[in-house]
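This report refers to the structure that appears directly beneath it.
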Amino acid sequence: MSGPRFRFAPSPTGFFHVGGARTALFNWALARRLGGRFVLRIEDTDEARNRPEWTEGIISALEWLGISSTDPTFEGPYLQSDNAAAHLEAARSLVSSGQAYWCAMTPEEIAERATAEETTGYGGWSRDLGLEEGPGRVLRFRVPEGETMVIDSVRGEVVFDNSVIEDFVLVRGNGTPVFNLANVVDDRLMGITHVVRAEEHLSNTPKQQMLWEALGHVPPAWGHVPVLVNEQRKKLSKRRDKVALEQYREEGYLAEAMVNYLMTLGWSAGDDIEIRPWSEIESLFRLEGVNLSPAFFDVRKLGAFNGEYIRMMSPEEFTAECERWVPDSWDRDRLAIIAPHLQPRLVTFSDLEGTVDFLFGPVSMDQASWDKAMTSEFAPSLLVATRTAYADLPEWSAEALKQALESEMEPFELKLGKAQAPVRVAVTGRTVGPPLFESLEALGRDESLARIDSAITRLLG
RNA sequence: GCCCCCAUCGUCUAGUGGCCUAGGACACCACCCUUUCAAGGUGGCGGCACGGGUUCGAAUCCCGUUGGGGGUGCCA
């Protein structure tokens, strides 16, 4: 078991946060490039323990991102709760070495003292009281004097004055260990050498580092990456923002696009290239190159990346992917005919169904489109003429369809762009959509003619 | 309140004292192409938060101000 060990420690909440996804990717890239391990540890809470599907969700989300649990780089998942005994044991060792002590002050009393303005709250009240362990009593860490320097690969050296750090709780009144303790003990037990996580943890890092040292070990290398924020520049929250990775997956964003986009938030390889395959990202990624300020998660740019990745797919890949996003009842051959024309038009695959549904079921006529296309002077006669020409067309192909309409529109002195409008609306129900003649070809002669007929009937009464 | 972090176009970023009249991408606008809509091509709009230093020279270094963010729990 050699080589650096990076840990990723999400807490299951029923969805996988995009910010967490980026942190996971950072750790994964590092572990892969350095020939180390990506250690997944689930911070399972009481609630999560009763919902194994939450943990499964994390695994499947990671899998989607390309962080495969079957890859040799991947280790885990471990459950934090499995180590509960070790957490407490570490706490006890701190008591016997005098680095932790029992405290009887209740949260209410602390709040009272805080408002009384005489102290900051707890203020080390039972530091030297020599209290014994007892019901409801908490174990506190005896913060030493001096200062704590956190050496951070992203931010450099950050110094904290220990006097501003309260004697924090290690074990709750109910006997359970607290996050900071559990984390340190787990990291140590698992031989973690690098802790790369979001910046929101930076202020708590001196506490964890003191714990490492109090336990007699050398702390890991830290790396605090900036958080992801929304338009209001607030940390992304589930309440107000679309943060669930699963939701993007369901909307038809490609994993490769999501991964690539996430990696550009707060990091760049130092050149002008943004779109690049994971293999390159992996070999280029450096913690030292990570930005220091929060980044806005811009769905529009994600969409642009997704479009790029869609266009990069081979026609076969694209068609195969399309089939996954469309009802089973839809004719696959017909879908394959139109697919090439859809590829440059899609932003996400969830857009697919709505843009070609007219090929697979009855037209739903958009009233505004009808009004716009059918009120022109030439619409009725052109439609009739085109219908006649189409009925006798020897070959039902896009090219023939186009030529036929072009010759019918001549007397009206129109451009193709205008002339195709009535036919388009008659057949697709909308003014915008995939290329018309290719759509007609896919639809077939009978259905196309029927739709034009029904439009003519509606137009002429 | 106290502590910590941060600050280049609207957004994501390049930039580590002279190559910067600050580069790219997304978005936006215009034009071209065109079978609507896209895609593609060309061009445009737009930024170093502010004030002091240091220096021959500052987006880059230092100090301050302002502004943002995070932390400060018997949350994780």
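Note on naming: letters A, B, ... go to the chains in the order of the sequence lines (proteins, then strands), and numbering restarts at 1 for each one. Bear in mind the structure is a predicted one, so any value in this text is a computation, not a measurement.
- At a threshold of 4.0 Å, the pair A:Lys242-A:Glu251 counts as salt-bridged, since one of the basic side-chain nitrogens sits closer than that to a carboxylate oxygen.
- When heavy atoms are screened at a 4.0 angstrom cut-off, A:Gly417 is found touching the sugar-phosphate backbone but no base atom.
- Nearest-nucleotide mapping onto RNA chain B: of A:Asp298 and A:Asn180, the residue sitting toward the 5' end is A:Asp298.
- The CD atom of A:Glu43 sits 12.5 Å away from the OG1 atom of A:Thr13 when rounded to the nearest 0.5 Å.
- Annotation: B:C9 and B:A14 have their C1' atoms spaced 13 Å apart (nearest Å).
- Residue contacts for A:Pro434: at a heavy-atom cut-off of 4.0 Å it reaches a base atom on one of the strands shown.
- Remark: aromatic rings of A:Phe6 and A:Phe26 are distant, center separation not under 6.0 Å.
- Residue A:His341 contributes atom NE2, which lies 18 Å from atom P of B:U34 at whole-angstrom precision.
- Contact annotation for A:Ala421: no contact, since no heavy-atom pair falls under 4.0 Å across all strands.
- Paired with A:Trp222 under the rule side-chain hydrogen bond (donor to acceptor under 3.5 Å, both in side chains), one option of A:His201, A:Gln208, A:Gln209 passes, and it is A:Gln209.
- Using Watson-Crick or G-U wobble geometry with both donor-acceptor distances under 3.5 Å, B:A25 finds its partner in B:U11.
- Taking CZ of A:Phe285 as the start and CD of A:Glu280 as the end, the distance is 15.5 Å to the nearest 0.5 Å.
- Of all nucleotides present, only B:G71 satisfies the Watson-Crick or G-U wobble test against B:C2, with each distance under 3.5 Å.
- Nucleotide B:G40: paired with B:C32 (Watson-Crick or G-U wobble, both distances less than 3.5 Å).
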Can you check side-chain hydrogen bond (donor to acceptor under 3.5 Å, both in side chains) on A:Thr205 and A:Arg197, steps first, answer last? CA-CA 11 Å; A:Thr205 305; A:Arg197 44 152 44 163; 3.3 Å; yes
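- Side-chain contact annotation: A:His224 with A:Arg155, donor-acceptor N/O pair under 3.5 Å absent.
- Note: A:Tyr122 and A:Tyr101 have parallel aromatic rings, judged against thresholds of 30 and 60 degrees for the angle between ring planes.
- The aromatic rings of A:Phe349 and A:Phe318 sit tilted relative to each other, their planes meeting at an angle between 30° and 60°.
- For A:Lys402, the listed nucleotide lying nearest its side chain is B:U35; candidates were B:G24, B:U35, B:U11.
- Taking the nucleotide of RNA chain B with the nearest heavy atom to each of A:Leu416 and A:Ser268, the more 5' of the two is matched to A:Ser268.
- In this structure, A:Glu438 reaches the bases: a heavy-atom distance under 4.0 Å links it to at least one base atom across the strands shown.
- The A:Arg311 side chain lies nearest to B:G40 when the options are B:G23, B:U13, B:G40.
- Taking atom C1' in both B:C20 and B:C63, one finds a spacing of 26 Å when rounded to whole Å.
- A:His87 pairs with exactly one of A:Thr176, A:Asn183, A:Asp186 by the side-chain hydrogen bond (donor to acceptor under 3.5 Å, both in side chains) rule, that one being A:Asp186.
- Comparing B:G70 with B:A30, their P atoms are spaced 38 Å from each other, to the whole Å.
- A:Tyr309 has its OH atom 14 Å from the P atom of B:C26, to the nearest Å.
- Taking 3.5 Å as the limit, the base of B:A27 and the side chain of A:Lys301 contain no donor-acceptor pair of atoms between them.
- With distances taken from any side-chain atom of A:Val158 to the nucleotides B:C3, B:C5, B:U36, the minimum falls on B:C5.
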Summary of protein contacts for nucleotides 66-75 of chain B, nucleotide by nucleotide, where a base hit scores B, a sugar-phosphate-only hit scores S (4.0 Å, heavy atoms): ---SBSS-BS
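- Comparing B:G67 with B:G51, their P atoms sit 16 Å apart, to the nearest whole Å.
- Rounding to whole angstrom units, CZ of residue A:Arg424 and P of B:A38 are separated by 12 Å.
- For A:Asn306 and B:C12, the CG to P distance is 20 Å, given to the nearest whole Å.
- B:C5 atom P lies 10 Å from atom CG of A:Asp152, rounded to whole Å.
- When heavy atoms are screened at a 4.0 angstrom cut-off, A:Thr264 is found touching the sugar-phosphate backbone but no base atom.
- Here the side chains of A:Pro226 and A:Val290 are in contact, with some heavy-atom distance below 4.5 Å.
- A 3.5 Å limit on both hydrogen-bonding distances identifies no Watson-Crick or G-U partner for B:A58.
- Here, B:U60 and B:U16 have their C1' atoms 6 Å apart, quoted to the whole Å.
- A gap of 12 Å separates the C1' atoms of B:C29 and B:G46, to the nearest Å.
- As a whole-Å value, the separation of A:Leu292 CG from B:U13 P is 10 Å.
- Distance noted for atom P between B:U13 and B:C74: 35 Å (whole Å).
- Counting heavy-atom neighbours within 6.0 Å of A:Glu132 CD, excluding the residue itself, gives a total of 12 or less.
- Sequence neighbours left out, not one pair with a member in residues 433-444 of chain A passes side-chain hydrogen bond (donor to acceptor under 3.5 Å, both in side chains).
- Residue contacts for A:Phe296: at a heavy-atom cut-off of 4.0 Å it reaches the sugar-phosphate backbone alone, with no base atom in range.
- A heavy-atom distance below 4.0 Å to RNA chain B is reached by none of the residues of residues 77-87 of chain A.
- Within 4.0 Å (heavy atoms only), A:Arg155 reaches sugar-phosphate atoms of the nucleic acid but no base atom.
- Here the separation of B:G64 from B:C5, taken at their P atoms, is 12 Å to the nearest Å.
- Comparing B:C12, B:U36, B:U13 against the side chain of A:Glu274 picks out B:C12 as the nearest.
- Remark: P of B:G24 and CZ of A:Arg276 are 17 Å apart, rounded to the nearest angstrom.
- Between the NZ atom of A:Lys418 and the C1' atom of B:C37 there is a distance of 15 Å, given to the nearest Å.
- Nucleic acid contact for A:Asp271: none, since no nucleic acid atom lies under 4.0 Å from a heavy atom of the residue.
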